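Along the sequence shown, residues are numbered consecutively beginning with 1. Note that the structure is predicted; figures quoted are calculated from it, not measured.
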Amino acid sequence: MVTTFKIAVLGAQGVGKSAIVRQFLYNEFSEEWADVCCRGLRSVHAYILVYDICCFDSFEYVKTIRQQILETRVIGTSDTPIIIVGNKRDLQKGRVIPRWNVSNLVKKTWKCGYIECSAKYNWHILLLFSELLKSVGCARCKHVHTAIRFQGALRRNRCTIM
């Protein structure tokens, strides 16, 4: 039986959403981005909410998106995982909110996953998607490397990243 996962990657403009996905899928970094509008966000299996660790407003935007997700969830989807991602960790010196504060809020208060990464240098990108698979309950596919699982699924249109 084939399992299909729909994953929504959301965040403010310029935080690195496309760069994270591109780094994971193709192992490449590009500073160019394309504005993509997606439909069907209520029927996803997991949310990745990305903010720039050097931009306070982008974290505030993630707070707003998370609240909207919680308010508009379809009945029976209350356990749809949300992972908060602090991107641009390579720019650590420009951080605007201490990591501990964000991690504590996200993990303890929001009960969401939290990971910091750098799409530019491919830091923790595989970890992000590995944690995502765990959170959607993909226990039966642990023996296969995360990148192979996702990339194979995407090639066969079994996984949709929005």
Side-chain angles (χ1 to χ4, degrees), residues 2-66 68-69 80-97 99 102-103 106-107 110 112-138 141-162:
V2 174
T3 304
T4 301
F5 295 113
K6 292 182 182 177
I7 302 162
V9 182
L10 306 168
Q13 182 177 345
V15 297
K17 302 174 298 290
S18 298
I20 288 171
V21 172
R22 189 171 192 82
Q23 184 64 265
F24 177 73
L25 293 177
Y26 308 112
N27 200 31
E28 66 183 33
F29 175 76
S30 173
E31 301 226 5
E32 297 175 17
W33 58 275
D35 192 12
V36 179
C37 180
C38 299
R39 293 177 175 41
L41 293 178
R42 292 177 70 189
S43 64
V44 301
H45 296 97
Y47 295 92
I48 298 174
L49 307 184
V50 184
Y51 77 99
D52 176 346
I53 67 166
C54 300
C55 178
F56 181 78
D57 289 342
S58 70
F59 186 72
E60 290 297 311
Y61 190 76
V62 161
K63 284 183 182 178
T64 302
I65 293 171
R66 180 191 156 273
Q68 289 174 353
I69 290 168
T80 302
I82 299 173
I83 297 179
I84 310 299
V85 178
N87 190 29
K88 303 187 182 180
R89 187 149 184 219
D90 53 296
L91 302 176
Q92 182 76 357
K93 291 181 181 180
R95 178 185 293 277
V96 294
I97 308 171
R99 180 178 186 195
V102 176
S103 178
V106 170
K107 290 179 178 179
W110 293 357
C112 296
Y114 181 70
I115 294 176
E116 289 192 354
C117 66
S118 169
K120 185 173 186 176
Y121 293 108
N122 201 13
W123 296 342
H124 293 153
I125 300 298
L126 283 179
L127 177 64
L128 164 62
F129 286 93
S130 176
E131 290 300 314
L132 182 74
L133 274 182
K134 288 179 195 172
S135 69
V136 294
C138 188
C141 48
K142 286 182 180 175
H143 65 281
V144 181
H145 190 272
T146 306
I148 296 168
R149 265 196 316 267
F150 262 102
Q151 291 166 343
L154 288 166
R155 278 194 295 272
R156 291 185 298 277
N157 293 322
R158 294 180 184 163
C159 178
T160 304
I161 298 180
M162 304 170 111

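Under the rule for a side chain to side chain donor-acceptor pair (under 3.5 Å), the partners of S118 that lie at least two apart in sequence or sit in another chain are D90. Listed by chain and number, the residues in a side chain to side chain donor-acceptor pair (under 3.5 Å) with Q68 amount to none (sequence neighbours excluded). Shown here are the salt bridge (charged side-chain N to carboxylate O under 4.0 Å, His left out) partners of E131, two or more places apart in sequence or in another chain: K134. The ring-ring contact (aromatic ring centres under 6.0 Å, His included) search around F29 returns none, not counting sequence neighbours. Partners of K63 according to the side chain to side chain donor-acceptor pair (under 3.5 Å) rule, which considers only residues two or more places apart in sequence or in another chain, are E60. By the side chain to side chain donor-acceptor pair (under 3.5 Å) test, R66 pairs with no residue at all, sequence neighbours left out.
To the nearest 0.5 Å, the span separating CG on L133 from CD1 on I7 amounts to 7.0 Å. Here the straight-line distance linking atom OG1 of T64 with atom CG of L10 works out to 12.5 Å at 0.5 Å rounding.
Minimum interatomic distance between L128 and I115 (heavy atoms only, all atoms of both residues): CA-CD1, 3.5 Å. Across every non-hydrogen atom of C112 and I82, the tightest pair is CB-O, 3.2 Å. Of all heavy-atom pairs spanning Q23 and A119, the tightest one is NE2-O, 2.6 Å.
Without hydrogens or angle criteria, S130 side chain to L127 main chain gives no donor-acceptor distance under 3.5 Å.
Applying the salt bridge (Lys or Arg N to Asp or Glu O under 4.0 Å) test to every pair with at least one member in residues 9-21, sequence neighbours left out, gives no pairs at all.
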From CA spacing to verdict: side chain to side chain contact (heavy atoms under 4.5 Å, CB included), E28, R22: CA-CA 6 Å; E28 66 183 33; R22 189 171 192 82; 2.6 Å; yes

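In this structure, the side chains of V9 and I20 stay at 4.5 Å or more apart for every pair of heavy atoms.
Applying the side chain to side chain contact (heavy atoms under 4.5 Å, CB included) test between L49 and each of I69, V106, I83, V85 identifies I69 as the sole match.
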Please report, to 0.1 Å, the donor-acceptor pairs under 3.5 Å made by any side chain of residues 50-57, with sequence neighbours excluded.
| unit_1 | atom_1 | unit_2 | atom_2 | d |
| --- | --- | --- | --- | --- |
| Y51 | OH | Y114 | OH | 2.7 |
| D52 | OD1 | C54 | N | 2.8 |
| D52 | OD2 | K88 | NZ | 3.3 |

